Structures are given as C-alpha cells and as structure tokens.
A.B. asks: 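Sharing a structure below in structure tokens format, with a few things to ask.
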Amino acid sequence: MKLRKRMIIELEPHDEKFNFKLTASAYSFSWNFNGRLYRTIIRKSNIMIGIIVQEREDRKMIAEVYSRENSLKKDEIEKEIRDHLGTDEDLEEFYKLCRSDPLLREVIEGLHVRRTDVWYASLIAVAQQNASFRQGWRMIWNLLVKYGDRVVLEGHENSPIICPPRPEFILERGEQVLKDSGYGYRSRTLIEIARTLVIEDENALRTSLRKIRGVGQYTYGLIMMLAYRDYSNPVIDRWVRGLYETVGVRNVEEYYRKHWGKYQALATWMLTVMLDALPLSKAIERVRKGELRPSYTGLTPLTLWRYY
DNA sequence: TGCCAGGCGGGGT
DNA sequence: ACCCCGCATGGC
C-alpha cells in the first residue's frame, strides 16, 4: 500500500504548553517516531490518511498529508489530526488536580494522549492484562511486525508505517495469530471484540464492550480513554493501587473517584509515563526516593521508539 | 527451576 | 459483599 503526498497543513496548538516531542514519543514505536518526525495512519470512513508531523523552530507544527484520494477537504483533515494529537485539549483543570496529588505533583505539562481507533485501543488494553509493561508492549510489537499492514508514504519508501492487522484479518486467520504474538489466553477476548466490530459496528462495540468476557473495569477504562478521550472511568490495577497505598492513600477507588473525577483514566496513564512504567516494586522504590519524573533511560513509555 | 506481572471471571464463603 | 483460584506467556 502506497500513499501519495496531497497537502501540507500548519498546526498551531491551542495553548503554549502543548509539547510535540513528548506527545509524539509516548508509547510510540520506531515507525511512528524517530526523534524528529511523527508518522501515523488515520482511517476516516474507509479512507487511509498518512501524516508526517514535525515541529518547526517557531514551535508551529507542520503536517504533510498523504492519501490515495486527491479530493480531501483540508479543514476536515486538519480536524482529524488535531483530534489525534490532542492539540485542542485543555488540561488546566487536570494539572490543578495534579498539584495536590502525592504522585503526580511534579507532572510534566504539555503531554497529551494520542487518540487511536477502537481496535488498536483494544489491542493495547488487553495486552496489559496481568502482564508487565514490557511484556504487554512486546505482544503488540510482535503482532504488528508479524501480521501488520505496511503502508509506504511517497518519498519515504524505506520507512514504512506499520498498522495493526484489521479485525477482519484476525477473524479470517483465527486466534492463532494472536497466540503467535504472545497474547495467550487474552486472545479470546480480542476475537470477541473483532467479531463485534466486523459483524456489527463500532457503535455496537462501544455499548456492549463492558459485557464482553475478558473486558473488566481496567480494560474498559483504558479503551475508552485511548479511543474516545473519555477519561472518566477508573483505571486501577495492582500497580496503581500499590503506589497510592505506598503514599498513604487507604481507599484508592474512593480517592480516584473523589480526587480525579472525570480525569481518572488520564491520571493512571500519566503516572505510568512519569514513573517509566517500572514494575511495581521498582516503582515503589522510585516513589520512596521522591523521583516522580521520567528518567528517559532504559525501556520506558517515552523511549519505546528507540528500542522497538 | 518456579514465581510473578497494569486483569478477569467464576465459584466459594 | 468479600476471598481465592486458574489462566497463557515471557522474563528473571
């Protein structure tokens, strides 16, 4: 699959704080980010749009847009890109809550979640079940490299972008594709999600997601955050619980509800980035030492692209 | 080697 | 309402 260059769009973030490099780095693979260029494929009503974004010296972002179609509407494409990167997201309220939180009081501002489609969100969320950060991202990497679709952008022939295999492909080839990638017993859940997407549609999935076997509170909250920027669900696992208990929060569920409110899921995501997604025991050591900001060393959410 | 990890659901009390 | 266990897989 090859996409041709169609247009260039200048993007000005909604606020001064927006940090392109951090936003492009977080949980990116090497084909998405190389330290300077951010690339991805956005699907909009069956049209594939490739984008390459970079930041200029004046902090304005420049997006090159690639597609097979030549009748794209510039303002619609711009809206898609802004939505993907979160350039219009106002997180002031969230940052205010961070200041009075024992774990996120030193949060780095300007980092935004990149919105994905619901299928990729599901592949990410299910991979994190009962597995370390390293193991989970290894599963996703395996799946993409072994079975993903490589999309080439005109003029960038030697660095294809890898997209997750479509749900149709997973259904056709069966559970083995996921097991080959290390998903183990989690595969069944993804088969159900793929089936709902293919037989019904995204809307049906969204409303029945929580009823699918293998999708509990954690997975549901993660998918809603990544796919819809809905941060209002609690995403609390052993890791988050252990960390908050370390700093003296007794009822973590209640604290999340009352303190984080509509930013519950974002708080968890931000914490994984700030603490380098270290395994729990090491993350607790970090917290005890008061090191609440990312180290940028080793394999972490912000450096994943250097390794994978 | 065996044990555990950003969950989950089922079956016990 | 709780508590407890098994579950695929990979890393140490």
Side-chain angles (χ1 to χ4, degrees), chain A residues 26-27 101 103-104 113 116 120-147 170 174-193 196 208-227 230-231 233-247 249-257 260 263-287 292 294 298-304 307-308:
Chain A
Y27 292 103
D101 180 82
L103 295 176
L104 280 174
V113 174
T116 70
Y120 192 35
S122 303
L123 292 170
I124 294 169
V126 172
Q128 310 305 322
Q129 295 177 3
N130 196 24
S132 64
F133 154 80
R134 184 182 285 258
Q135 187 180 354
W137 281 89
R138 186 75 196 172
M139 290 175 208
I140 302 163
W141 186 83
N142 285 339
L143 182 71
L144 267 70
V145 168
K146 288 185 178 193
Y147 299 104
I170 300 290
E175 206 176 347
Q176 199 52 42
V177 165
L178 293 160
K179 293 206 165 159
D180 283 350
S181 308
Y183 273 88
Y185 66 92
R186 304 168 189 84
S187 305
R188 183 127 296 279
T189 305
L190 287 166
I191 293 286
E192 280 314 304
I193 291 175
T196 309
S208 64
L209 189 56
R210 188 62 178 80
K211 297 188 191 81
I212 289 176
R213 201 184 141 105
V215 178
Q217 184 193 55
Y218 171 87
T219 307
Y220 178 78
L222 202 43
I223 294 174
M224 294 307 282
M225 165 167 60
L226 298 175
D230 175 358
Y231 304 142
N233 302 285
V235 178
I236 300 170
D237 48 26
R238 301 191 269 227
W239 192 82
V240 162
R241 186 168 287 113
L243 289 174
Y244 274 101
E245 283 170 357
T246 299
V247 293
V249 176
R250 295 195 206 285
N251 187 337
V252 179
E253 304 262 347
E254 185 188 43
Y255 177 75
Y256 255 65
R257 231 176 14 252
W260 292 116
Y263 295 105
Q264 295 187 76
L266 185 60
T268 294
W269 186 89
M270 207 58 88
L271 193 56
T272 67
V273 178
M274 292 306 126
L275 295 179
D276 293 335
L278 289 169
L280 182 56
S281 55
K282 296 200 169 149
I284 288 176
E285 280 176 40
R286 276 269 298 265
V287 167
L292 301 178
L299 179 63
T300 77
L302 292 176
T303 64
L304 187 63
Y307 295 81
Y308 288 95

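All values reported here derive from a predicted model rather than from experimental measurement. Because only heavy atoms are used, hydrogens play no part in the values below, and waters and symmetry mates are left out as well, while side chains stay in.
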A.B. asks: Return the set of residues passing side chain to side chain donor-acceptor pair (under 3.5 Å) with Thr303(A) (not counting sequence neighbours), or none when no residue passes.
C.D. replies: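 Checked Thr303(A) against side chain to side chain donor-acceptor pair (under 3.5 Å); matches are Thr300(A).
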A.B. asks: With sequence neighbours excluded, tell me which residues meet salt bridge (charged side-chain N to carboxylate O under 4.0 Å, His left out) with Asp276(A).
C.D. replies: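 Per chain and number, Asp276(A) pairs via salt bridge (charged side-chain N to carboxylate O under 4.0 Å, His left out) with Arg286(A).
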A.B. asks: For the pair Arg186(A) (side chain) and Leu123(A) (backbone), establish whether a donor and an acceptor sit closer than 3.5 Å, ignoring hydrogens and angles.
C.D. replies: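 Not a single qualifying donor-acceptor pair exists.
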A.B. asks: Looking only at atom types and distance, does a side-chain atom of Trp141(A) sit under 3.5 Å from a main-chain N or O of Tyr308(A), one as donor and one as acceptor?
C.D. replies: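 Yes; at least one donor-acceptor contact below 3.5 Å.
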A.B. asks: Could you measure between the two P atoms, the one in dC4(C) and the one in dC4(B), and give it in whole Å?
C.D. replies: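 One P to the other, the span is 15 Å.
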A.B. asks: Distance between the P atoms of dG10(C) and dG9(B), in whole angstroms?
C.D. replies: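 Their P atoms lie roughly 23 Å apart.
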A.B. asks: Within the structure shown, what part of the strands sits under 4.0 Å from Leu222(A) by heavy-atom distance: base, sugar-phosphate, or nothing?
C.D. replies: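 Nothing: the residue Leu222(A), judged by heavy atoms under 4.0 Å, touches no strand.
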A.B. asks: Once rounded to the nearest 0.5 Å, what's the spacing between atom CH2 of Trp137(A) and atom CD1 of Ile124(A)?
C.D. replies: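 The distance works out to 4.0 Å.
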A.B. asks: Which whole-number value in Å describes the distance from Met139(A) CE to dG7(B) P?
C.D. replies: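 After rounding, the reported distance stands at 11 Å.
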A.B. asks: Rounded to whole Å, how long is the line connecting atom CZ of Arg238(A) with atom P of dG7(B)?
C.D. replies: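 The distance from CZ of Arg238(A) to P of dG7(B) comes to 4 Å, rounded to the nearest Å.
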A.B. asks: Check the distance between dG7(B)'s C1' and Ile223(A)'s CD1 and give it to me in whole angstrom.
C.D. replies: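 In whole Å, dG7(B) C1' lies 12 Å from Ile223(A) CD1.
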A.B. asks: Give the B/S/- string for nucleotides 8-13 of chain B, one per nucleotide from 5' to 3', where a protein heavy atom under 4.0 Å of the base yields B, of only the sugar-phosphate yields S, and otherwise -.
C.D. replies: SSS---
A.B. asks: Can you give me the N/O atom pairs linking the protein to nucleotides 1-7 of chain C at distances under 3.5 Å, or say none if there are none?
C.D. replies:
none

A.B. asks: Considering only nitrogen or oxygen atoms on both sides, find all protein atoms under 3.5 Å from nucleotides 10-12 of chain C and state each distance.
C.D. replies:
| unit_1 | atom_1 | unit_2 | atom_2 | d |
| --- | --- | --- | --- | --- |
| dG10(C) | O4' | Gln135(A) | NE2 | 3.4 |

A.B. asks: Tell me which donor-acceptor pairs under 3.5 Å the side chains of residues 266-275 of chain A have, and how far apart each pair is, sequence neighbours excluded?
C.D. replies:
| unit_1 | atom_1 | unit_2 | atom_2 | d |
| --- | --- | --- | --- | --- |
| Thr268(A) | OG1 | Val235(A) | O | 2.6 |
| Thr268(A) | OG1 | Tyr256(A) | OH | 2.9 |
| Thr272(A) | OG1 | Tyr27(A) | OH | 2.7 |
| Thr272(A) | OG1 | Trp269(A) | O | 2.6 |

A.B. asks: Show the atom names and distances, to 0.1 Å, of all donor-acceptor pairs under 3.5 Å that link a side chain in residues 211-227 of chain A to residues at least two apart or in another chain.
C.D. replies:
| unit_1 | atom_1 | unit_2 | atom_2 | d |
| --- | --- | --- | --- | --- |
| Thr219(A) | OG1 | Gln129(A) | NE2 | 2.8 |

A.B. asks: For Val113(A) and Tyr231(A), what are the C-alpha separation, side-chain angles and deciding distance, and is it a side-chain contact (heavy atoms from CB on, under 4.5 Å)?
C.D. replies: CA-CA 10 Å; Val113(A) 174; Tyr231(A) 304 142; 3.9 Å; yes
A.B. asks: Salt bridge (charged side-chain N to carboxylate O under 4.0 Å, His left out): which pairs involve residues 129-146 of chain A, sequence neighbours left out?
C.D. replies: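 Counting only pairs at least two positions apart or across chains, no salt bridge (charged side-chain N to carboxylate O under 4.0 Å, His left out) contact touches residues 129-146 of chain A.
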A.B. asks: Rounding to an integer number of angstrom, what distance separates dG6(B) and dC2(C) when you compare their C1' atoms?
C.D. replies: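 Nearest-Å result for dG6(B) against dC2(C) at atom C1': 23 Å.
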A.B. asks: Ignoring hydrogens and angles, answer whether the base of dG6(B) and the side-chain atoms of Tyr27(A) contain a donor-acceptor pair closer than 3.5 Å.
C.D. replies: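 By the distance-only test, yes, there is a pair.
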A.B. asks: Can you name the ring-ring contact (aromatic ring centres under 6.0 Å, His included) partners of Tyr263(A), sequence neighbours left out?
C.D. replies: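 With sequence neighbours excluded, Tyr263(A) shows a ring-ring contact (aromatic ring centres under 6.0 Å, His included) to Phe94(A), given in chain and number order.
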A.B. asks: Does anything in residues 263-276 of chain A come within less than 4.0 Å of DNA chain B? Heavy atoms only, and list the residues if so.
C.D. replies: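 The stretch gives Thr272(A) as the residues lying under 4.0 Å from the strand, ordered by number.
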A.B. asks: By side chain to side chain donor-acceptor pair (under 3.5 Å), which residues pair with Glu253(A), not counting sequence neighbours?
C.D. replies: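 Partners of Glu253(A) by the side chain to side chain donor-acceptor pair (under 3.5 Å) criterion, ordered by chain and then number, come out as Arg241(A).
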A.B. asks: Once you round it to whole Å, what is the distance between C1' of dT9(C) and CG of Leu143(A)?
C.D. replies: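 To the nearest whole Å, that distance equals 15 Å.
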A.B. asks: In whole angstroms, how far is the C1' atom of dG6(B) from the OH atom of Tyr183(A)?
C.D. replies: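 Tyr183(A) atom OH is separated from dG6(B) atom C1' by 14 Å.
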A.B. asks: Hey, are Asn233(A) and Arg210(A) close enough side-chain-wise for a donor-acceptor pair under 3.5 Å?
C.D. replies: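 No, no side-chain donor-acceptor pair sits under 3.5 Å.
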A.B. asks: Just the rounded figure in Å: distance from C1' of dA5(B) to CZ of Arg241(A).
C.D. replies: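 Taking atom C1' of dA5(B) as the reference, CZ of Arg241(A) is at 15 Å.
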A.B. asks: Between Lys282(A) (NZ) and dG6(B) (C1'), how many Å, whole number?
C.D. replies: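 From Lys282(A) NZ to dG6(B) C1': 16 Å.
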A.B. asks: Calculate, to the nearest 0.5 Å, the distance between atoms CD1 and CD belonging to Ile140(A) and Gln135(A) respectively.
C.D. replies: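 These two atoms lie 11.0 Å from each other.
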A.B. asks: In chain order, what residues pass the salt bridge (charged side-chain N to carboxylate O under 4.0 Å, His left out) check against Lys179(A), with sequence neighbours excluded?
C.D. replies: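 Per chain and number, Lys179(A) pairs via salt bridge (charged side-chain N to carboxylate O under 4.0 Å, His left out) with Glu175(A).
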